[in-house]
Every structure is written in C-alpha cells, then in structure tokens.
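It should be emphasised that the depicted structure is a prediction, and the values quoted were computed from it without experimental measurement. When a ligand or atom number is given, it counts from 1 through the structure's own listing order.
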Amino acid sequence: MNKVALVTGGGRGIGAATALRLAKDGYNIVVNYVSNLEAAQKVAQQVLAMGNQAWVVQADVGVESDVKRMYQEIDINCGRLDVLVNNAGILFTQSPVVSLNAERINKVLQTNVTGPFLCCIEAIKRMSTEYGHEGGVIVNVSSAASRIGAPNEYVDYAASKGALDTLTIGLSLEVANQGIRVNCVRPGLIYTEMHASGGEPARVDRLKQNLPLQRGGQPEEVAAAIAFLVSDESAYTTGAFLEVSGGR
Ligand code: NAP
C-alpha cells in the first residue's frame, strides 16, 4: 500500500499543488479543507486520476474536536499516516498593528499556530516509534513574513508564522529519536488567492520587481520544496528552513 500524506488546506493554492505533487511522488493523499468542498473534491479527483487513493476530510484545524475527528477518519479510511504538511493558513485585511483587535489576532493564531500544534499532536501518535509506528515526516508551511514582520500589512500573521518556526525547531528536537523529521518551508510572494484575503489580489505583481529574482513564485515551486523535505533525499535533514522566496 502507498504511504499516506495529509495536506491541510489541500484544496487550493500551495496545498493543492502539494497534494498533486506528493501524489505524483507516489503518496495516497488526504485533502483537508475547511469550507470549500468543491475545490477539495477537484484535487481529490485529480489524485484519483493519477491512480492513487484520495480522501477529502472537512476539519477546521484550529478546533481540537475537528482535528481529532479528522484523524479518526484517517485511521478508518487509510490505516496509516506517513506525512503531515501543515499548510492551512489565513490572513486578514492589510492593517497597521494599531488597528488590530483581539478577535482578529486570536483567529489568526488559532488557525496558524494552534492548528499546526493540534495536527502535529495527532500525527506524532500515528508516526512515532514510541507509539509502535515506523516514523514519518512533518513539513510546516511558514512564510518569509516571519523574518520580515509584514509591517503595515499583517504583523499578526507574521507573528503566527514566527511561532510556527519555533514549533519546527522545538518539535524537530523532541521527536528526532522517534523516527520523525520536522522541517519548514518559508514561501515568499506566491500566486494564490490568499492575497485577495488581505484585500489586494494583485499584491504579488505590485511587489515582484523588488524581489532579487524579479518575479512571483508559483504554488508548484513551493510544492517542489515540500516534496524534497518529505522525500528520503532529505533523510539527514531535520529542524531546517528552506526559503522559497525568490531571494526575498
Ligand atoms: P489560500 O490559497 O488562501 O488557501 C488556503 C487554504 O487553507 C485553503 O485550502 C483553505 O481551505 C485552508 N484553510 C484556511 N483556514 C483553514 C482552517 N481553519 N482549517 C483547515 N483549512 C483551512 O492560501 P495559500 O497562499 O495557498 O497559503 C497556503 C499556506 O502558505 C498558508 O499557510 C500561507 O500562510 C502560506 N504562505 C503563502 C504565501 C503566498 O504568497 N501565497 C506566502 C507565504 C506563506 P478552504 O479551501 O476550505 O477555504
């Protein structure tokens, strides 16, 4: 049986590209989504057309009961879990810090920080040699924003990715002797619908000339970096950060 990879937020953008890339690399895929069933089903159909198995599972990664239910469905349907890609993430309208409020900040942290924590907790129980399993791989999708801070745009989002970076470091050290590698990609300006959530759909094109590589990135280019960190080609790499940001 093929190994199984769970991609959170796998229905759109970087998550969809990652689901398809990992399917190409031979994985059966669990496509998690929160609200866009149609997009998730489309990705699953493409995975099935490649000859792999695919499952679509609704869950809000920031809600513990949803995450536990998602993993129970994985236990029943897949019987194993080898890879977790913590890709699901959100941001809100571009605003200076002075205009933020607790409701918004907490929502960003719930999805972008609590979510990956919860997904890691359940993944460890299904991967760790201490739990009788064969090991596995976790890849966190952070952002160049964790280094830059995203001033006047979304410092709350940038801070959430800073926390995800720290989760990567701490967890990688905690589970290194349990057969689990934990690594991180930090995308830069990638063409997805996320920028519309920030109120500026054309943000990548506005900023691309400032980048050393002078262009925005494609979701498939992030997926390729994730696929490397998932693969045995990176078997000696854990706790690492791979910048996929055009030199940003
Ligand atoms: P996107 O196109 O907006 O897609 C976001 C995905 O996350 C969607 O599939 C969405 O599900 C899912 N999602 C959102 N909240 C969720 C929740 N609570 N539970 C489960 N799934 C949830 O975004 P993207 O650009 O591909 O971003 C993917 C990741 O890359 C994010 O972590 C983002 O921070 C990071 N990133 C993106 C960029 C960029 O330039 N695009 C740069 C750096 C980092 P539905 O389809 O159901 O709505």
Side-chain angles (χ1 to χ4, degrees), residues 6-21 29-44 56-67 69-70 84-92 94 106-119 139-150 153-154 156-165 167-168 184-208 211 215-223 225-226 241-246 248:
L6 163 61
V7 182
T8 67
R12 295 190 290 121
I14 292 168
T18 301
L20 295 175
R21 172 58 196 261
I29 307 293
V30 181
V31 183
N32 157 256
Y33 72 101
V34 65
S35 58
N36 195 331
L37 170 63
E38 198 180 335
Q41 282 179 330
K42 200 171 148 199
V43 171
V56 169
V57 185
Q58 194 282 335
D60 182 334
V61 295
V63 175
E64 193 166 29
S65 56
D66 275 24
V67 172
R69 174 179 47 73
M70 172 167 71
L84 164 65
V85 181
N86 275 315
N87 165 78
I90 57 166
L91 50 72
F92 293 112
Q94 295 171 5
N106 288 338
K107 184 63 191 163
V108 169
L109 295 178
Q110 183 182 1
T111 303
N112 296 3
V113 182
T114 306
F117 264 95
L118 294 174
C119 290
V139 180
N140 294 325
V141 182
S142 176
S143 171
S146 75
R147 292 184 283 106
I148 296 163
E153 293 195 324
Y154 11 71
D156 51 349
Y157 168 82
S160 76
K161 295 303 188 178
L164 185 58
D165 289 358
L167 168 63
T168 303
C184 187
V185 294
R186 283 197 287 231
L189 295 164
I190 312 298
Y191 288 101
T192 72
E193 293 165 357
M194 172 167 267
H195 306 285
S197 308
E200 189 187 1
R203 178 170 174 264
V204 177
D205 282 332
R206 176 173 63 84
L207 295 171
K208 67 182 179 186
L211 299 178
R215 67 171 180 86
Q218 296 298 334
E220 291 74 17
E221 295 178 297
V222 183
I226 294 170
F241 294 83
L242 185 42
E243 311 291 337
V244 193
S245 58
R248 194 174 196 215

Student: Do Lys161 and Tyr154 have side chains that get closer than 4.5 Å, going by heavy atoms?
Tutor: no
Student: Against heavy atoms of Glu193, which atoms of ligand 1 measure under 4.0 Å?
Tutor: 2 (O)
Student: Please examine the side chains of Val244 and Arg186, heavy atoms only from C-beta on, and report whether any two atoms are closer than 4.5 Å.
Tutor: no
Student: Keeping the roles fixed (side chain from Arg21, backbone from Ala225), state whether a donor-acceptor pair exists under 3.5 Å.
Tutor: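 No; zero donor-acceptor contacts below 3.5 Å.
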Student: Pick one of side chain, backbone, both or neither for how Ile90 approaches ligand 1, counting any non-hydrogen atom pair under 4.0 Å.
Tutor: side chain
Student: Would you check if Glu64 and Thr114 make a side-chain contact, meaning some heavy-atom pair closer than 4.5 Å?
Tutor: no
Student: Under 4.0 angstrom from ligand 1, any heavy atom of Gln58?
Tutor: no
Student: To check your reading of the model: name the closest protein heavy atom to atom 44 (C) of ligand 1, its residue, and the distance in Å.
Tutor: Ser142 O, 3.1 Å
Student: Distance to 0.1 Å, residue and atom name: give those for the protein heavy atom nearest to atom 16 (C) of ligand 1.
Tutor: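 Here the nearest protein heavy atom works out to Val34 CG1, 3.6 Å.
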Student: Does Ser197 come within less than 4.0 Å of ligand 1, judged by its heavy atoms?
Tutor: no
Student: Mind checking whether His195 contacts ligand 1 via backbone (N, CA, C, O), side chain (CB onward), both or neither, at a 4.0 Å heavy-atom cut-off?
Tutor: side chain
Student: With a 4.5 Å limit on heavy-atom distance, are the side chains of Leu118 and Val61 in contact?
Tutor: no
Student: Which atom pair, heavy atoms only, marks the closest approach of Pro187 to Ser245?
Tutor: C-CB, 4.3 Å
Student: Which heavy atom of the protein is the closest neighbour of atom 28 (C) of ligand 1, given with residue, atom name and distance?
Tutor: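 Of every protein heavy atom, Asn87 OD1, 3.1 Å lies nearest to atom 28 (C) of ligand 1.
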Student: Does Ala59 offer a backbone N or O that forms a donor-acceptor pair with the side chain of Asn32 under 3.5 Å?
Tutor: yes
Student: With distance as the sole test, does Glu153 use its side chain to make a donor-acceptor pair with the main-chain N or O of Ala150 at under 3.5 Å?
Tutor: no
Student: Taking the minimum heavy-atom distance to atom 46 (O) of ligand 1, which of Glu38, Lys161, Arg12 ranks first?
Tutor: Arg12
Student: Which part of Val61 is near ligand 1, with near meaning a heavy atom under 4.0 Å away: side chain, backbone, both or neither?
Tutor: both
Student: If we only count heavy atoms from C-beta on, is the Tyr157 to Ser143 side-chain gap below 4.5 Å?
Tutor: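 The answer is yes, as the side chains (C-beta and beyond) meet within the 4.5 Å cut-off.
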Student: Have a look at ligand 1 and work out which part of Asn32, if any, has a heavy atom under 4.0 Å from it: side chain, backbone, both or neither.
Tutor: side chain
Student: Quick test of your reading of the structure: of Thr192, Val85, Val57, whose heavy atom lies closest to atom 24 (P) of ligand 1?
Tutor: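 Looking at heavy atoms only, the winner is Thr192.
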Student: Just distances here: any N/O of Asn36 and N/O of ligand 1 closer than 3.5 Å?
Tutor: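 The answer is yes, given that Asn36 and ligand 1 share an N or O pair closer than 3.5 Å.
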Student: Can you tell which of Ser35, Gly13, Gly15 gets a heavy atom nearest to atom 47 (O) of ligand 1?
Tutor: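 Among Ser35, Gly13, Gly15, the closest heavy atom to atom 47 (O) of ligand 1 belongs to Ser35.
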Student: Tell me which one of Asn86, Asp165, Asn87 satisfies side-chain hydrogen bond (donor to acceptor under 3.5 Å, both in side chains) with Asn140.
Tutor: Asn86
Student: With a 4.5 Å cut-off on side-chain heavy atoms, are Leu207 and Leu211 touching?
Tutor: no
Student: Nearest heavy atom to atom 42 (C) of ligand 1: which of Gly188, Gly9, Ser143, Gly217 does it belong to?
Tutor: Gly188
Student: Under a 3.5 Å distance rule, please check whether Arg147 uses its side chain to pair with a backbone N or O of Arg248 as donor and acceptor.
Tutor: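 Side chain of Arg147 to backbone of Arg248: a pair is present.
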Student: Considering only protein heavy atoms, which is closest to atom 21 (N) of ligand 1, and at what distance to one decimal place?
Tutor: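 That would be Ala88 CB, 3.4 Å.
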Student: For atom 34 (O) of ligand 1, what's the nearest protein heavy atom and its distance?
Tutor: Tyr157 OH, 2.6 Å
Student: Please work out whether any backbone atom (N, CA, C, O) or any side-chain heavy atom from C-beta onward of Ala59 is under 4.0 Å from ligand 1, and answer side chain, backbone, both or neither.
Tutor: backbone
Student: Would you mind checking which non-hydrogen protein atom is closest to atom 30 (O) of ligand 1, with the distance to 0.1 Å?
Tutor: Val141 CG1, 3.3 Å
Student: Less than 4.5 Å apart, side chain to side chain, heavy atoms only: is that true for Val185 and Val222?
Tutor: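 Result yes, sub-4.5 Å side-chain heavy-atom pair found.
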Student: Would you mind checking which non-hydrogen protein atom is closest to atom 26 (O) of ligand 1, with the distance to 0.1 Å?
Tutor: Ile14 N, 2.8 Å
Student: Measure the distance from atom 5 (C) of ligand 1 to every protein heavy atom, then report the residue, atom name and distance (to 0.1 Å) of the closest one.
Tutor: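 Closest protein heavy atom to atom 5 (C) of ligand 1: Gly89 O, 4.0 Å.
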Student: One residue to check: Ala144. Relative to ligand 1, which of side chain, backbone, both or neither has a non-hydrogen atom less than 4.0 Å away?
Tutor: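 Contact part for Ala144 vs ligand 1: neither.
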